Amino acid sequence: MARPHVRLVDIRELSQAAKELKRVGANGRSWEIMAPKAIFKVLKVSDLPFPAATVIKQEMLALGADAAVARGVITARVKRSDVLIMGTVGQLERLAHKIAAQPFGLDRLSTEIQRVIADLRSPHQRQLHCRGKVLSIGQRPLIMGVLNLTPDSFSDGGQFNALERAIPRAHEMVAQGADIIDVGGESTRPGAQPIPLDEELRRVIPVVERLSAELKVPISVDTYKAEVADRALKAGVHIVNDISALRFDQRMSQVVAENKAALVLMHMKGTPRNMQRNPRYDDVMQEIIQFLAQQLQKAEEAGISRSRLIVDPGIGFGKRVQDNLTILNRLGELHTLGVPVLVGVSRKSFIGKVLDLPVEDRLEGSAAATALAVTRGAHMLRVHDVKEMNRVVQMAHAISVAMG
Ligand code: HH2
């Protein structure tokens with residue numbers, strides 16, 4: 001008798017599960033019920049009061065699944081616990097339904113679980129509205145081309161820091177496929193000193209005035225200073241790229257809200273001056289996601305609509321090589337935040353350290369990291385080499401949507 005043929009099937013999306021169910025000839029009406037059973041997910045909930053953690057554990061066991069809690073929860077020796085909820089999408093949906101009317105904050109947890117599942121059901125297609133321009137998020141990854149107007153940026157300092165070189169470079173990047181142009185007047189490389197406000201304005205404003213009149217694509221300004229953001233927005237910029245995620249200038253959220261601009265919130269440990277002095281994480285993804293969730297809430301409270309917010313894990317900003325690699329490998333975890341994910345790997349030093357190569361030799365390393373970021377679900381990529389990375393992104397995207 002022929003040996004039974006067993007193989008693994010790699011199912012990551014509900015639509016793909018439905019396809020495989022069809023292939024085995026399962027009843028069409030059962031697809032809707034069975035597809036959520038084909039995908040297994042693990043959710044982590046931080047710091048739940050122990051009665052809530054106990055309820056989750058019991059409900060998941062009753063569903064034939066499980067949840068892990070801290071050891072002292074069952075005996076009520078610990079008051080709070082993180083919880084790992086492990087089950088199929090179907091089981092997680094039933095859990096959300098069962099705890100919806102329960103006390104100890106479980107009603108709010110139910111809403112959150114339902115939000116995460118809803119994102120799995122219809123992944124991330126939306127529009128980002130920024131001051132008259134619209135970016136389609138989730139159809140294909142978008143390219144943000146870097147235009148550094150600085151004499152000292154780590155990879156292209158001094159190349160485009162004059163108006164007559166910056167403007168043609170921006171046009172060239174758009175022709176090469178840039179969907180956004182990111183204009184920056186201050187280097188934030190490790191150890192960099194801040195520059196005076198006047199100097200940053202002098203570098204940035206004339207360029208964004210020209211670009212906003214000449215370009216069709218949205219322009220972002222890479223600054224953490226509210227005054228620079230305000231003047232750049234008045235000059236026609238659409239997005240503020242704040243590497244401090246509203247931490248460095250109290251007035252920033254108000255400026256963004258008043259101008260109805262889009263805003264990038266980036267994670268950084270410390271400041272550019274001190275961020276690479278011995279950064280340490282217990283759990284790098286947990287720390288980044290918790291920080292970004294908190295800053296998203298702050299931004300919303302200041303009147304910036306969620307539909308205008310973008311998050312960025314801040315590759316190289318207060319991270320060790322291992323942290324940067326982990327962030328890229330687990331980038332998809334940022335989707336839980338429910339807003340587009342931007343990532344900037346271009347020519348950064350973690351590539352130099354892995355490959356032992358100087359900054360001018362990091363094109364292939366940047367390409368590999370960019371391709372991986374795309375397959376892990378990056379919505380936008382901040383790059384210097386637009387022509388090359390546009391090809392990399394298109395190729396990686398074509399593979400990541402091919403489900404068979
Ligand atoms: N990286 C740099 C600057 N700004 N903004 C976002 N949102 N994400 C990033 O990863 C990011 C960023 C650093 O790169 P670069 O602008 O080329 O260098 P420098 O800071 O030296 O000008």
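Source: prediction; values computed, not measured. Note that ligands are numbered from 1 as they come in the structure, with each ligand's atoms numbered from 1 the same way. Hydrogens, waters and symmetry mates play no part in the numbers below; they use all other heavy atoms, side chains included.
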**Report entry** Side chains of Thr271 and Arg273, donor plus acceptor under 3.5 Å
**Finding:** no
**Report entry** For ligand 1, the residues whose heavy atoms come within less than 4.0 Å (ordered by chain, then number)
**Finding:** Asn148, Ser153, Phe154, Ser187, Thr188, Arg189, Asp222, Asn241, Ile243, Val264, Met266, Asp312, Phe317, Leu342, Gly344, Lys348, Arg382, His384
Query raised in the report: Taking all non-hydrogen atoms of both residues, which atom of Gly184 and which atom of Thr150 are closest, and how far apart?
Result: O-CG2, 4.1 Å
Query raised in the report: Do Ser110 and Gln114 get their side chains close enough for a donor-acceptor pair, meaning under 3.5 Å?
Result: yes
Query raised in the report: Listed by chain and number, what are the salt bridge (charged side-chain N to carboxylate O under 4.0 Å, His left out) partners of Asp230, not counting sequence neighbours?
Result: Lys234
Requested in this report: Mind telling me whether Phe291 and His267 have parallel, tilted or perpendicular rings, with 30° and 60° as the class edges?
Outcome: perpendicular
Query raised in the report: Going by atom types only, do Gln294 and Gln290 share a side-chain donor-acceptor pair under 3.5 Å?
Result: no
